[in-house]
Structures are given as C-alpha cells and as structure tokens.
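No experiment lies behind these values; they were computed from the predicted model shown.
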Amino acid sequence: MIIGSVVILLLLGLFLVKNWPTHSGNETSRLATIQSLVERGTFAIEESSFPTVDAAMRNGHFYSDKPYLLSVFQAGIYWGLYHIAGLKLDTSSPEIFKTIFLIYYLGGYLFLVGIFLLFFRMVSKQLPEASFAWRLGMSWAVVLTTLVFPYSLTIGNQVPAVLVLLWLVHALSEYERSPDGKHAALVGLAAGLLVNLEYVVGGIFGVAAFLLIFLPRHYRQAAFYSVTALAGLSLIPILNLIAHGSPLPLYSETHSVSLARNFLPDLWSLLFGYKGIFIFTPTLLFIIPVWLKLPKEQWPRQKTFILGTIALTIAAYWILTSDGGGWCYGNRFLLTVGPLMFYYIVLHLKDWRRDLKHWLFTVLLVWSFAVALIGTYTPWPSSHERSPSALWADLQVRNSIGGNLLAFSYEHAPDSAFTQFLIHRVYGEEAAVSYLFLSYFNTYNFRMSGILEKQYYPPQELGGKAGPRRQ
C-alpha cells in the first residue's frame with residue numbers, strides 16, 4: 001500500500017506540476033539563479049530569462065535575495081537536464097516548458113512525496129497500535145489537505161522546509177529514546193539545514209532543539225548538536241560570500257521588520273482573516289484541544305517544548321510581519337508549521353472512531369482539501385499585501401481562495417451560473433473583471449487576457465480599474 005501510494009503521488013504530480021512561473025519573485029528569482037549558475041557559472045541574474053522583483057544589487061550586479069542552498073540544489077538538477085538531456089531554459093524554444101516542469105517536479109514536488117513517507121513513519125512510531133488505514137489516511141491527508149499540496153507544484157522554500165522540520169522533530173523523538181551524540185548530531189544537522197530554508201522558523205526551532213538537549217545537562221550531546229548545527233548554518237555565509245562577496249544575506253537589505261500596528265485585529269487576520277491559517281486549513285483548529293490537554297498529560301517535555309515553539313513562531317509572525325507573505329495563497333510564512341500541527345492532532349485523535357469529534361474532523365478535512373485543491377490553480381496568486389500602495393484590484397478580491405476560484409471558473413466556464421454569480425453578486429462586475437485582468441497577467445495567461453480584452457476595456461495601469469464592457 002505504501003509503494004502504491006507513492007506511485008499514485010508521483011503520477012498525480014505529472015498532471016498537476018506547473019511548467020511556467022508566475023510573476024512572483026519566489027519563483028522567478030530562483031529560476032534566474034538556477035539558470036545563471038548552470039549557463040554562465042555565476043549567481044548574478046541580470047542576464048537571466050526571468051525578470052524578478054526579489055533581487056538586490058551588489059557590486060554592479062543583481063542577485064536573488066533568497067537563501068541560496070535550495071537554488072544550488074535545484075541548479076544541480078538543471079545541470080543534468082542541460083548537459084545530459086540537452087534541455088535549456090530558452091524562452092525562444094518550446095522546450096522551456098518541459099525544462100521548467102522537470103525542475104519543478106524533481107526540485108519541488110518530490111519533497112511532497114518525502115513528507116508523505118516521513119509522516120507515515122513518524123505516526124507509525126508514535127501510534128503502533130493504530131489501524132494501518134488511519135496511519136496511511138492521515139499521511140495522505142497531510143499532503144493533500146494542507147497548503148503543502150498547492151505549493152509543491154512550483155519551486156519555493158516552504159515545502160522543503162516542512163520536510164526538514166518534520167525530520168527535526170522525528171530526530172528529537174529518536175534522541176529522546178536514545179540520547180546519544182549521534183542522534184543529537186542528526187538533530188543539529190536538521191536544525192542547520194532548516195535555517196537555510198526558513199530563517200525565522202529555523203532559528204526559533206533550532207534554539208528550542210538545543211535547549212531540549214542542553215537543559216537536562218546533556219553537555220556532551222549538546223556539543224554534538226552544536227557542531228552539526230553550526231556546520232549547516234555556515235553554509236549561509238559561505239554561499240553568500242561565493243555569490244556576491246558578502247557573508248550577509250541580501251534578504252536583510254530587501255526586507256525589513258513590519259511590526260503589527262493593531263495587535264488584536266492583526267491576530268484575528270492571521271488566524272481567521274483573508275489569509276487566516278484556520279480558514280485555509282480548518283483542521284488545524286484541533287490543535288487547541290491538543291494544547292489544552294498538556295496539563296492533564298503532566299506537561300510531557302518534548303511535546304510541550306515543540307507545541308510552545310509552534311505558538312512562539314505564530315506569535316513572531318503576528319508581531320513582526322503584517323503582509324502574510326505578499327502575493328501568495330494563504331499565509332506562506334506559517335505554512336511550514338501547519339503539517340507539524342497536523343502531526344500532533346493526528347496523535348491526539350489516535351485512530352478513527354465514530355464520535356462527534358472525529359466526524360467534525362472529517363468534515364473539516366473535506367473543507368481543507370477543497371481549499372488546497374483550489375490553491376493548485378496557482379499558489380502565487382495576486383492578492384492584497386496589506387500595503388498602503390496595494391493595487392486596486394487586489395483590494396477588491398482579498399481572499400485568494402475566491403481569487404483562484406474566480407480565475408479558474410471564468411477560464412473554464414465563463415458563462416456558467418456559478419461564474420456569473422461570482423462576478424455580479426459576490427464582487428461586482430468592475431471589481432471581478434479588474435481582478436481577472438491582474439490574475440491572468442500574473443500567470444502569463446495570454447489567451448485569457450486576450451479573451452477579456454475582446455469583452456472589456458483593460459485597465460490603464462497594472463491592477464487598476466477595468467473599463468466597461470465593449471459594445
């Protein structure tokens with residue numbers, strides 16, 4: 001059954017993985033680095049085929065501001081495609097679609113398959129007496145009902161970070177069973193790699209993992225942890241030095257802390273707003289009884305530490321950020337901790353039972369799957385960034401669930417009652433059409449942009465108001 005599930009997942013990816021980026025810098029800046037490394041042997045991206053907003057100038061050249069480790073790994077994939085298969089990221093050739101697909105599939109989607117396998121192993125270790133159907137079903141659920149699903153169809157740091165974070169927690173569990181230097185070193189390695197993928201999440205969980213090992217006075221094991229963690233961390237300044245001559249990440253130059261201005265409304269927005277984690281993955285609401293049960297369980301050490309670290313991560317993004325990740329589907333900043341929350345929820349529920357709690361969980365699973373499925377249209381939709389300079393169209397269609405649904409529905413069934421209901425009853429014709437122009441621009445959907453222009457006067461500026469219907 002496990003092998004069959006993996007085969008099905010691999011086949012599913014063949015139909016869903018994207019073959020062209022959006023205008024999102026999360027994709028284009030990485031593709032630019034991948035292409036430049038393989039074709040020109042440099043991290044400088046100004047001659048790349050992929051213009052991007054996520055870049056910074058250093059010594060007269062433009063460089064991606066993303067952490068480089070993942071891009072170097074994905075460049076290794078493109079190196080094989082380029083030198084062995086003869087495939088190129090050449091915008092003048094139709095081969096580019098196949099090339100991008102393979103980079104996305106091998107350098108992005110396969111991480112989802114890894115999450116499935118690791119999650120099954122973790123749940124099986126903790127719930128050996130649970131039914132096989134429960135353990136397998138929940139492993140399917142974590143990859144299909146969380147935001148891992150849509151984000152695995154492109155390249156980005158989020159899905160690899162989920163895999164490494166789950167590995168870190170699994171390694172901590174193995175260390176708890178056998179607290180020796182080898183297991184501590186594996187925890188440290190996972191922590192170091194996690195920071196290379198997600199600075200904030202990696203930093204918070206890295207400190208928490210160190211304290212879990214150090215506080216029981218396991219000084220020798222803490223030393224092993226520190227050595228491998230620092231080895232992983234050292235890749236950040238080393239790659240930056242190689243790339244642009246400075247050990248500091250360019251991300252620190254292009255992004256700054258944006259403190260929450262209205263704490264309670266911002267908290268509500270983070271949890272239940274148009275990018276709220278409990279709107280996009282409502283099954284995660286079951287983490288509340290998991291937290292509430294800790295006193296009855298007499299505060300189990302590792303579980304308490306990890307759940308507390310999840311809460312601290314959510315609090316950090318609540319206080320230190322206000323945009324939810326910019327143009328993206330849901331809150332990409334908190335995507336990394338979602339599957340880990342789901343893991344503790346699965347352990348809490350233990351197995352399938354015919355009671356109200358499990359039936360409610362099943363209903364929310366269906367909701368979560370539907371939302372994740374809508375996200376596969378594009379995980380990088382144009383969406384409101386809570387910026388004073390936000391585009392007018394993004395202000396009209398703030399929730400990216402509705403935005404993706406509107407764009408997909410208009411593309412495949414423009415005259416259907418559902419599409420017309422969205423346009424005329426939910427958003428209003430001017431707002432809906434303006435958003436559609438922006439959405440199809442973002443996804444390079446020239447066919448749909450052309451169809452729209454035959455029916456409506458286009459906006460005078462990007463993200464502006466569309467004109468009336470042509471007569």
Side-chain angles (χ1 to χ4, degrees), residues 6-39 45 48-52 54 64 66 70-116 143-144 147-163 327-329 332 335 372-381 404 407-408 411-412 439-449:
V6 170
V7 170
I8 293 172
L9 278 175
L10 293 173
L11 292 174
L12 185 65
L14 296 178
F15 294 97
L16 295 177
V17 170
K18 306 300 180 183
N19 62 6
W20 193 257
T22 63
H23 275 91
S24 168
N26 283 278
E27 291 182 278
T28 52
S29 64
R30 289 186 169 90
L31 281 173
T33 301
I34 292 166
Q35 182 183 27
S36 298
L37 280 172
V38 174
E39 296 182 12
I45 62 174
S48 165
S49 304
F50 304 96
T52 182
D54 285 353
S64 169
K66 303 301 179 188
L70 182 62
S71 295
V72 170
F73 164 74
Q74 291 161 340
I77 294 171
Y78 180 46
W79 185 94
L81 297 174
Y82 185 86
H83 290 285
I84 300 173
L87 296 174
K88 299 179 181 180
L89 290 171
D90 181 359
T91 53
S92 64
S93 170
E95 279 188 347
I96 192 171
F97 297 105
K98 184 191 300 183
T99 308
I100 291 177
F101 169 82
L102 289 170
I103 293 172
Y104 280 18
Y105 189 91
L106 300 173
Y109 185 75
L110 289 187
F111 287 108
L112 174 139
V113 179
I115 291 169
F116 170 83
V143 295
L144 293 185
L147 294 186
V148 165
F149 186 22
Y151 278 90
S152 68
L153 307 182
T154 69
I155 52 171
N157 58 307
Q158 294 79 19
V159 178
V162 169
L163 178 61
W327 275 20
C328 60
Y329 192 69
R332 68 179 174 89
L335 186 160
L373 187 62
I374 293 169
T376 63
Y377 181 73
T378 174
W380 304 110
N404 268 11
F408 176 85
E411 180 176 352
H412 296 281
S439 175
Y440 295 139
F441 163 81
N442 174 47
T443 54
Y444 291 91
N445 195 333
F446 301 119
R447 182 181 70 85
M448 289 308 302
S449 294

Any idea which heavy atoms bring [X] and [Y] closest together, and the distance?
X	Y	answer
Asn157	Leu70	CA-CD2, 3.8 Å
Ser49	Gln35	N-OE1, 2.8 Å
Ala75	Leu37	CB-CD1, 3.9 Å
Arg30	Ser71	CG-OG, 3.7 Å
Tyr440	Ser449	CB-OG, 3.4 Å
Ile77	Ile103	CG2-CA, 4.5 Å

- Message: Looking at Arg447 and Glu411, is there a salt bridge between them, counting it only when a charged N and a carboxylate O are closer than 4.0 Å?
- Response: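 So Glu411 pairs with Arg447 through a salt bridge.
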Got a second to check how far [X]'s [atom1] is from [Y]'s [atom2], nearest 0.5 Å?
X	Y	atom1	atom2	result
Leu31	Phe50	CG	CZ	4.5 Å
Ser439	Tyr377	OG	OH	5.0 Å
Arg332	Leu147	CZ	CG	12.5 Å
Ile155	Gln74	CD1	CD	4.5 Å

- Task: For residues Asp90 and Ile96, determine if any side-chain heavy atom of one lies less than 4.5 Å from a side-chain heavy atom of the other.
- Result: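 They are not in side-chain contact.
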- Taking Val143 as the fixed residue, which of Leu12, Val162, Leu112 is the one that meets the side-chain contact (heavy atoms from CB on, under 4.5 Å) rule?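 The single option meeting the side-chain contact (heavy atoms from CB on, under 4.5 Å) with Val143 is Leu112.
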Between [X] and [Y], is there a donor-acceptor pair closer than 3.5 Å when you use the side chain of the first and the backbone of the second?
X	Y	value
Ser36	Thr33	no
Asn19	Ile100	no
Asn404	Thr378	yes
Thr376	Ala372	no

- Identified ring pair (Phe, Tyr, Trp, His ring centres under 6.0 Å) partner of Tyr151 from the options Phe111, Tyr329, Trp380: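 It is Trp380; the other options fail the test.
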- Query: Which residue pairs satisfy the side-chain hydrogen bond (donor to acceptor under 3.5 Å, both in side chains) criterion with at least one member in residues 95-116, sequence neighbours excluded?
  - Reply: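 Sorted pair list: Glu27-Tyr104.
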- Anything under 30° is parallel, anything over 60° is perpendicular, the rest tilted; go ahead and classify Tyr444 against Phe446.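 Correct class here is perpendicular.
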